[in-house]
There are 4 protein chains.
Amino acid sequence: MEKRAKLTLKERQRQEREQFILQTAENVLMKKGYHHTSMDEIAANAGIAKGTLYLHFKSKDELVFALVEPKLYSFLNTVEEAKAYHGSSKEKLVFLIKKEMSGAFFQFVMKSYPDMASVFQGERGVQIQKVLSNIISGIIEIHEEGKAAKIFDSAIPTEMMANLFMNIFDPHVYSESVKNGKVSKDDFIRYVIKMYFQGIEK
Amino acid sequence: MEKRAKLTLKERQRQEREQFILQTAENVLMKKGYHHTSMDEIAANAGIAKGTLYLHFKSKDELVFALVEPKLYSFLNTVEEAKAYHGSSKEKLVFLIKKEMSGAFFQFVMKSYPDMASVFQGERGVQIQKVLSNIISGIIEIHEEGKAAKIFDSAIPTEMMANLFMNIFDPHVYSESVKNGKVSKDDFIRYVIKMYFQGIEK
Amino acid sequence: MEKRAKLTLKERQRQEREQFILQTAENVLMKKGYHHTSMDEIAANAGIAKGTLYLHFKSKDELVFALVEPKLYSFLNTVEEAKAYHGSSKEKLVFLIKKEMSGAFFQFVMKSYPDMASVFQGERGVQIQKVLSNIISGIIEIHEEGKAAKIFDSAIPTEMMANLFMNIFDPHVYSESVKNGKVSKDDFIRYVIKMYFQGIEK
Amino acid sequence: MEKRAKLTLKERQRQEREQFILQTAENVLMKKGYHHTSMDEIAANAGIAKGTLYLHFKSKDELVFALVEPKLYSFLNTVEEAKAYHGSSKEKLVFLIKKEMSGAFFQFVMKSYPDMASVFQGERGVQIQKVLSNIISGIIEIHEEGKAAKIFDSAIPTEMMANLFMNIFDPHVYSESVKNGKVSKDDFIRYVIKMYFQGIEK
DNA sequence: TATGAATGAGAATTCATTCAT
DNA sequence: TATGAATGAATTCTCATTCAT
């Protein structure tokens, strides 16, 4: 039992360190981008040796993937929650926007897609594609529902709606507005919602 | 006169080859991203030797810049035309959307910005920053005008409008919808316009 | 204390390896010249991988500089010692010759100066220029002193003397005579001294 | 006959152009050194196309060799003249010094030897070695003669004398003193002679 | 013959990954 | 297990040489 407890402790420490590495990597990656972030830099920022990174992650791409994957699942999860949300289709989408708006890393990944291409190759790519298509299906589903309920304009193809909806999460727009202190996060969300649902016309 | 014609011919050929290289590079870059595109690969795709690339462009960064710069100027130019367009603010923006919607490379560059950081360093960066800030100013100007004319919602900060407006040109959305043959280009534009100005609500 | 000892050991090993690389590089450089010596070749001769060179030296030019700099400082140091040497001006110069005659690399560098131009650019060049001008000044000083003491011929410009004096250290002459086993090092020095101070006439 | 005359004219023009190229190359090489002088640069300086260089010389090394070879032969020739010169051994050497002192390119080549190594490889190297050994033999011969005539110090090995004698022609010393306007060419020669034959002692 | 565009081998440098301690 | 030195494949860029016009 003593041994087991120790292992558990060790295991916990391992997990913690892994989370710490991922958090560090996220910060560096978002600041510098995938290619300008070296393993050396991640290690240095995490205060560990480069070799240690490889004890936790098989490769740079695996590390980045380990960073991306849970964000995608989390987003997918929110989509599922939104679908199950008790309210109108609009309220579902609003719920989704409110919950995910500051999850900039998700959109960061989407935008960096070409740069990170190698991360999404092979087996990993297949997984990601599945999650992404589930996300988009979920969003499409909510929009379809809204159309059926006659609250969304059925003249616009649902897929286009879904794609432009995803676009709302663009971290560039968010950071330009919020991080530069021009509007508060809450206001930003309010305006985005307004623009998406009613457009900019008076 | 004969000589002159020859020179002109040579020069023309040179320009054509240069355009061909740029076109090739654009295709490869958009598919693979800046860092995953090697000069070797561009050369191979263009069917020329690596050294030849360097006869036309001093460095990889210069090549990419040669690709980016005219697209940015062209976009800026369209913004100027839009400002001068005879019509309402909305009509101006519609004109802009119609003219630039398929210029995917512009947005590709915006998204790849961190990856391409070296391209926009030094003198080149200064130029680009000027053009970009002129573009955004122009777009802001048109939106302000629309607010003054009471056709746009003055409750939303103009900068946010401008940023979300720019986002419309995201190549991912465009290619997902148009390139995958789901809607025609014209329809795509029509729907985008509708969504931007009136939102998705019925 | 154990830890400290380890660190010291590591550091010492590092220094040793660095010295070994420099020694290897010196041999290759003197045989092949700056441009015909590739980093690959230095690495191969040192029995290490190319990348390892870059762990010790930021660039080829830094490596070569690391080779040149101490030799120059050592030469300058000997000049200072010579100036302070207790004896006549001639004895000072003799001291200098005896101490530095086999330091072939110094003259090698002087001869290879145009080839190595890039090594002596910028900050590095400034340092080197200072050392070189201190060396030549020192030698001029000793010669002036000899003239004042009426033991050197004041009809000959001191600068010319100094330049021809430096020329004595030409590695080609040294290796032709000593390395080919024609005369011993001591004899070589004796003859050089005789020729420099008394000429070849009987 | 008309045809022949034309050919001769052409041939003469060819020779002239070849000489012009060589002259141009010499200037550029002496200023920049072997490796920092590109074929492009030689062509540009000569006002012809790069391809044309290759109509005259099979390769860069051949071009440089064509530059070096006649200088060596000319030097050898002067050595022969010196040997046949009507006068004492000293007068023979003085004749040699006076005639060749400004032929800096010869010494430039000697100094640049490692840099130009490839020029003196293979068949070309063999030729050069022959000429060089003839030169050194001739100089040794004159010194031996001087020793036999008891005007040179027979305590010093003749080979060393010969090597140090060659060293007199070092272009660096020459240019430092003459080109910088510190002493006239004639004075420079006078001082060199004095130092070589009588040393610097009073 | 003269041209200069095209070629591609070769060199410096970087950095993800491995491995001895 | 943790370290960080060592590795070498991959990449950018240069320049002597070739070749189509």
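Naming: A, B, ... by sequence-line order, numbering from 1 per chain.
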Base, sugar-phosphate, or nothing for T37(B), non-hydrogen atoms under 4.0 angstrom? sugar-phosphate
Quick one: does Q127(A)'s side chain get under 4.5 Å of F65(A)'s, heavy atoms only? yes
Under the side-chain contact (heavy atoms from CB on, under 4.5 Å) rule, what do I42(C) and M39(C) come out as? Steps first, then yes or no, please. CA-CA 5 Å; I42(C) 295 173; M39(C) 291 299 263; 4.3 Å; yes
Can you sort out the partners of N45(B) under side-chain hydrogen bond (donor to acceptor under 3.5 Å, both in side chains), two or more places apart, ordered by chain and number? none
To the nearest angstrom, the NE2-P distance between H56(B) and dC13(F) comes to 16 Å
Applying salt bridge (charged side-chain N to carboxylate O under 4.0 Å, His left out), name anything that partners K32(C), two or more places apart in sequence or on another chain. E41(C)
Note: for T52(C) and S38(B) on DNA chain F, the residue whose nearest nucleotide lies more 5' is T52(C)
Can you list everything that forms a side chain to side chain contact (heavy atoms under 4.5 Å, CB included) with A66(C)? Sequence neighbours excluded, please. L22(C), F57(C)
Would you find a donor on one side and an acceptor on the other, under 3.5 Å apart, between the side chain of K31(A) and the backbone of E26(A)? no
When you compare the protein's N or O atoms with those of nucleotides 17-21 of chain E, which come within less than 3.5 Å of each other, and at what distance?
| residue | atom | partner | partner atom | Å |
| --- | --- | --- | --- | --- |
| dT17(E) | OP2 | Y54(A) | OH | 3.2 |
| dT17(E) | OP2 | K60(A) | N | 2.7 |
| dT17(E) | O4 | K50(A) | NZ | 2.7 |

For the pair made of CD in Q13(C) and C1' in dG4(F), what is the distance, rounded to whole Å? 13 Å
What is the distance, to the nearest angstrom, from the OH atom on Y34(C) to the P atom on dA11(E)? 13 Å
Partners meeting side-chain hydrogen bond (donor to acceptor under 3.5 Å, both in side chains) with H36(C) (sequence neighbours left out): none
Value in whole Å for how far the C1' atom of dT3(F) lies from CD1 of I42(A): 17 Å
Atom CG of L55(C) to atom C1' of dT3(F): distance rounded to whole Å? 14 Å
Who pairs with Y34(D) by ring-ring contact (aromatic ring centres under 6.0 Å, His included), at least two apart in sequence or on another chain? none
side-chain hydrogen bond (donor to acceptor under 3.5 Å, both in side chains) filter on D40(A), not counting sequence neighbours, yields K50(A)
Residue-level proximity of residues 14-21 of chain D to DNA chain F when a heavy atom falls under 4.0 Å: none
Pairing string of DNA chain E (Watson-Crick or G-U wobble, both atom distances under 3.5 Å; | = paired to other strand) is .||||||||||||||||||||
For R17(D), give me all partners under salt bridge (charged side-chain N to carboxylate O under 4.0 Å, His left out), at least two apart in sequence or on another chain. none
Which of the following nucleotides, dA6(E), dT3(E), dG4(F), is nearest to the side chain of A49(A)? dG4(F)
E69(C) meets the side-chain hydrogen bond (donor to acceptor under 3.5 Å, both in side chains) criterion, sequence neighbours left out, with none
Rounded distance in Å - NE2 (H35(B)) to P (dA9(F)): 21 Å
From CD1 of I48(D) over to C1' of dT1(E), roughly how many Å is that when rounded to an integer? 12 Å
How many Å lie between NE2 on H36(C) and P on dA12(E), as a whole number? 12 Å
